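Notes for the one structure printed next.
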Number of protein chains: 2
Amino acid sequence: MKTPNKAGKPRQALDQVSELTTNRLSVYLRCLNALEDAGVLTVSSQSLAEQFHLNAAQIRKDLAYFGEFGVRGVGYYVGDLKRHLRQILGLDRKLRVAIMGAGNLGLALADYPGFRQEGFEIAALFDNLSAKVGQRSRGGVPIHDIHDLKKIARRDGISIAVIAVPAPSAQHVVALVVASGIRAVLNFSPGTLEVPDDVKLKSVDLTVSLESLSFFLAQCEGDEK
Amino acid sequence: MKTPNKAGKPRQALDQVSELTTNRLSVYLRCLNALEDAGVLTVSSQSLAEQFHLNAAQIRKDLAYFGEFGVRGVGYYVGDLKRHLRQILGLDRKLRVAIMGAGNLGLALADYPGFRQEGFEIAALFDNLSAKVGQRSRGGVPIHDIHDLKKIARRDGISIAVIAVPAPSAQHVVALVVASGIRAVLNFSPGTLEVPDDVKLKSVDLTVSLESLSFFLAQCEGDEK
DNA sequence: TTTTGTGAACTAGTTCACAGCT
DNA sequence: AGCTGTGAACTAGTTCACAAAA
């Protein structure tokens, strides 16, 4: 075969895996967790697709890109594939996350249980209000002064930043994040942020999401013929 | 010309506008707001593209699909195009939003200033804890019992629901939302939710987003040859 | 027989490039 | 001259369908 890379270590070109693909890998991992909890040992792309409304060929293609994890005639071993996916997604280690902005949203995200799963640790909150600095979130995440970001990011080995500051400060804050050596950013502020090419930025834009729903509703009304 | 629909009222087929397109319409609207605030009266697709890192042809194509809003040799009138976009996105009226779940995340979203802009109104929070029912968010959004959802959704004319409940209750809650006649849902809980075909579901999956960033970081490390 | 891994076919989305309007 | 609106070309992403492996 001439798959891009065989079982062992997929350290190689992998030029540019589409974001759609990486998102799906994460979804597959969640499906496998559910199956494992249900005591399922082995699963075919077929049955995975049926249970979780996915496409079997796409599952196979996504997985095959990273190695030959399946067994013909059998399917995939759930535990085995989970392990591979966790390794591919870089979840085989603890990743520390900092949240920029200890406002409503930042504090809520800091204590969000979904984050703690799968190896993420919310290590710190950062804010510029001295009243907040030194406090902790309800869940116990310490709030630091944003000026100490570089120092603490290094000390705590923070590799991901979440931007939860008001829109007008977002670009400035993301610049500090980048300057502190963090190379992956999840942005909740509306609008566009500039980051260098070697930094990965993912944005969750609530305004865009809501307006897109609004469009759908407006269309429905129009359709009422 | 035979554009799908001319200026007047774009009430027609519009079969299935891609979600990528509707998201961009929302982005364009934000760009126009910025330009208007800066006192710009007219803008070409070219300059819009340069300023906001978009593609000029795509802007033109997206807009042209809904009508001929531009003027050849001139570009688009900012105020005029804003008005058209707001109408297309259904923002030419107040849309009321309910948030399901008055936990950390629900309360944070209820008071999130980004939502209030552009005609959205967070009208209500819903929870099943009697200790919370009757209270209000810091910003003053009332917390209702989830059993009153149908009644209050009708009374207040709520057309969008945001799911901010823990993952295990999400499917149940979304079923209540659908039963109450709401047809647009923004979901923050991880995992898949089932909704009927005539209900629009948009999901923001924080786990998937973070894991996708983790993948990127893992790749970078691998690249260090 | 069952099910993977994968070329080939197809579908969706983006960008180019230019005719035609102002 | 300048810029839109749009067919045509291109690129990306998905699904099909089947040979080969277990």
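As the structure is a prediction and not an experimental result, all values here were calculated from the model. Labels below follow one simple rule: chain letters A, B, ... track the order of the sequence lines, proteins then strands, and each chain is numbered from 1.
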- Let me know the distance between CD of B/E19 and C1' of C/dA12, rounded to the nearest Å. 14 Å
- Message: On the nucleotide D/dT14, are OP1 or OP2 found under 4.0 Å from the side-chain N or O atoms that A/Q58 carries?
- Response: yes
- Identify, with sequence neighbours excluded, every residue that meets side chain to side chain contact (heavy atoms under 4.5 Å, CB included) alongside B/E194. A/H53, B/Q171
- Spacing of B/Y76 atom OH relative to D/dG2 atom P, expressed in whole Å: 18 Å
- Just how far, in rounded Å, is P of C/dC18 from CZ of B/R72? 16 Å
- Item | Side-chain donor or acceptor of A/S203 paired with backbone N/O of A/D205 under 3.5 Å | no
- Message: Just N and O in the side chain of B/N55: are any of them under 4.0 Å from OP1 or OP2 of C/dT15?
- Response: yes
- Query: B/F69 CZ to C/dT22 P: how many Å, rounded?
  - Reply: 16 Å
- Task: Please check the phosphate of C/dT4 (OP1 and OP2 only) for any side-chain N or O of A/S45 closer than 4.0 Å.
- Result: yes
- Look at the side chain of B/L20 and decide which nucleotide, out of D/dA17, D/dT15, C/dT14, has an atom nearest to it. C/dT14
- Starting from P on D/dG13, measure out to CZ on A/R60 and report it in whole angstrom. 20 Å
- In whole angstrom, what separates B/L48's CG from D/dG2's P? 19 Å
- Message: Need one value for A/L63: base, sugar-phosphate or nothing, where a base atom within 4.0 Å counts as base even if backbone is also close, heavy atoms only.
- Response: nothing
- Task: Take atom OH of A/Y65 and atom P of C/dG5, then tell me their distance rounded to the nearest Å.
- Result: 15 Å
- Close side-chain approach of A/V97 and A/I122, heavy atoms under 4.5 Å: yes
- Under 4.0 angstrom, heavy atoms only, what part of the nucleic acid is A/T21 near: base, sugar-phosphate, or nothing? nothing
- Query: Would one find a side-chain N or O of B/Y77 under 4.0 angstrom from OP1 or OP2 of D/dT4?
  - Reply: no
- Item | Geometric class of the A/H84/A/F69 ring pair [parallel <30°, tilted 30-60°, perpendicular >60°] | parallel
- Message: Using modelled atom types and a 3.5 Å cut-off, is there a donor and acceptor pairing between side-chain atoms of B/R96 and backbone atoms of B/D156?
- Response: yes
- When rounded to whole Å, the CD to C1' distance for the pair B/Q46 and D/dG5 reads 15 Å
- Note on the structure: Between A/V71 and A/K61, the residue closer to the 5' end of DNA chain C by nearest nucleotide is A/V71
- Note on the structure: From the candidates D/dT14, D/dT15, C/dT6, the one with an atom nearest any side-chain atom of A/R24 is D/dT14
